[in-house]
2 protein chains.
Amino acid sequence: MTKTSDTAAPERKRGEGVRFVYEILRDDILNLALPPGSPVDEIQLAERLSMSRTPIREALVRLAGEGLVTTLPNRSTVVANIDFLNLHHFFDAMTLMYRVTTRLAAEYRTDGDLAVIRNHQAAFARAVEAQDALAMIATNRDLHAAIAEAGRNPYYVSLFGRLLDEGRRLLRIYYLSFDDRLPRRYVDEHEDIIAAIEARDIAAADRLASQHADQIVAQLQRLIAEDRRRPVTL
Amino acid sequence: MTKTSDTAAPERKRGEGVRFVYEILRDDILNLALPPGSPVDEIQLAERLSMSRTPIREALVRLAGEGLVTTLPNRSTVVANIDFLNLHHFFDAMTLMYRVTTRLAAEYRTDGDLAVIRNHQAAFARAVEAQDALAMIATNRDLHAAIAEAGRNPYYVSLFGRLLDEGRRLLRIYYLSFDDRLPRRYVDEHEDIIAAIEARDIAAADRLASQHADQIVAQLQRLIAEDRRRPVTL
DNA sequence: GCGCAAAATTATGTCGACAAACAAAATGCA
DNA sequence: TGCATTTTGTTTGTCGACATAATTTTGCGC
């Protein structure tokens, strides 16, 4: 069962409690182990992780800052919903960030950056080979995050990270529908993008990233459209 | 003296403590009442605001999430430094956000949005008339935030808000150098931008916003270049 | 007087507990 | 029986206190 990661979690050092809770919750939220709209009980969490409510609350504040949970004053905090009605804003920002981060990577990348990027691409290719959809989602995220890092702009890195996380949730909903034709195409597209970054060809990087983003957006829209359920913001 | 706002602060309702501290600290940081690099003492704050350390810590976590303070583990939390060495990344993101938010405003604005925007522009014009540099900074921020809101994209609104805040700190350093020629020009440029938004002329909005951003960036760069001090990341 | 080690001090991270606020169940009245 | 009100219960927001890590001060030997 894909229940919320049942970590007993003893032996923690001082000063890492908040990070610990934060990462567990974040992971559970992005994997949809905690589905959107589900309440997050502080006391329950405190018992499960055998710690006080204080670090848990601080982790929740942090998650709220990133938009992963919503806190109703004096009422329960719930996992943030996916706003299916305004997905075009998400797609718009996503496409823009794909473009600018890839552009900047082509401009500022070092050889070290390139090595890191290639590692992530290899991991993505392996995931595709193994037809492991969950791993594809995760490694794809890591690859593009690494490209953004190579672009050196912390503001873009931050926003893009948020968007990639949200995309991870979105993909996670539909990962069953993955066939293996599309992911292979992504591997090739990634290769082209990386080549452009290596060649420091900014124009090509921009164009390829734009096409790649369009591909992904189109696929997501197709998945959503094919879905029989009428997804509604709860 | 422009000391940290000495609010005695009694009579608070339950559930607003965190927001209260958050807004005070945020204001002090953006006004440079708390200069970059200065430590934030939780106990001192707790005494001054006559409240426990818990809500103060949660406010600090939130501020850390927005990059306004930096938390060293098991060590003091300090007001975030201004990274003068990488300002071009800031300018780059700033220019891009000016453009996309103004574009989207021209696309999605309602009449209500327009009224709000005009109000902010009027306030900005008054600040310029009164030669009140601090008010100019604040109202300019509000105006562009309102334009971003009219564009309806929460991701852009969020990032742009962060950038505008950072810009507020930056401008605050140099506000003494303001002459009254430039701000008047900004009033006119704002008028043009608002007209384009009203006419739903996306191309014009994009072009004007781009020029406007270039103006502001150029002015900031000039101020920094003229500054005799060698600003260094402490 | 200088350098290093140990103790004291300060500040952070965490804890358990209390009180206000909200939600739900139970009671009273028409 | 239906509705309003009170009562009960649960959960959040805040508090004061303790323990641990880091920093400063003190003390000792050279």
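Note on naming: letters A, B, ... go to the chains in the order of the sequence lines (proteins, then strands), and numbering restarts at 1 for each one.
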(request) Determine, for B/E66 against B/R162, whether the closest basic-nitrogen to carboxylate-oxygen distance falls under 4.0 angstrom. (result) no

(request) Give the rounded distance in Å between these two atoms: CG of A/N74 and C1' of C/dA23. (result) 12 Å

(request) For B/D41 and C/dG13, give me the distance from atom CG to atom P, rounded to whole Å. (result) 12 Å

(message) At less than 4.0 Å, is any side-chain N or O atom of A/R57 found next to OP1 or OP2 of D/dG13? Yes or no.
(response) yes

(message) Nearest whole Å is fine: how far is D/dG16 C1' from B/I43 CD1?
(response) 12 Å

(request) Check if the side chain of A/R53 and the base of D/dG13 share a donor-acceptor pair of N or O atoms closer than 3.5 Å. (result) yes

(message) Could you check whether A/R126 pairs with A/D132 (Lys NZ or Arg NE/NH1/NH2 to Asp/Glu carboxylate O, under 4.0 Å)?
(response) no

(request) Taking only the side-chain heavy atoms of B/R75 (C-beta and beyond), determine which of D/dC15, D/dA22, C/dC22 contains the nearest atom. (result) D/dA22

(message) Using heavy-atom distances to pick each residue's nearest nucleotide on DNA chain D, tell me which of A/T77 and A/T54 is more 5'.
(response) A/T77

(request) Could you state the atom-to-atom distance from CD of B/E42 to P of D/dA17 in whole Å? (result) 17 Å

(request) Using the closest heavy atom to pick a nucleotide of DNA chain C for each, name whichever of A/P73 or A/P55 lands nearer the 5' end. (result) A/P55

(message) Taking A/D165 first and then A/R26, would you say they form a salt bridge - that is, a charged N and a carboxylate O separated by under 4.0 Å?
(response) yes

(message) Just the rounded figure in Å: distance from C1' of C/dT12 to CD of B/E58.
(response) 15 Å

(message) In this structure, how many angstroms lie between the C1' atom of C/dT12 and the CD atom of A/E16, rounded?
(response) 14 Å

(message) Under a 4.0 Å threshold between the charged nitrogen and the carboxylate oxygen, would A/R19 count as salt-bridged to A/E16?
(response) no

(request) Rounded to the nearest angstrom, tell me the gap between atom CD1 in A/I56 and atom P in D/dT12. (result) 11 Å

(message) Whole angstroms only, please: what is the CG-P distance between A/L45 and D/dT12?
(response) 10 Å

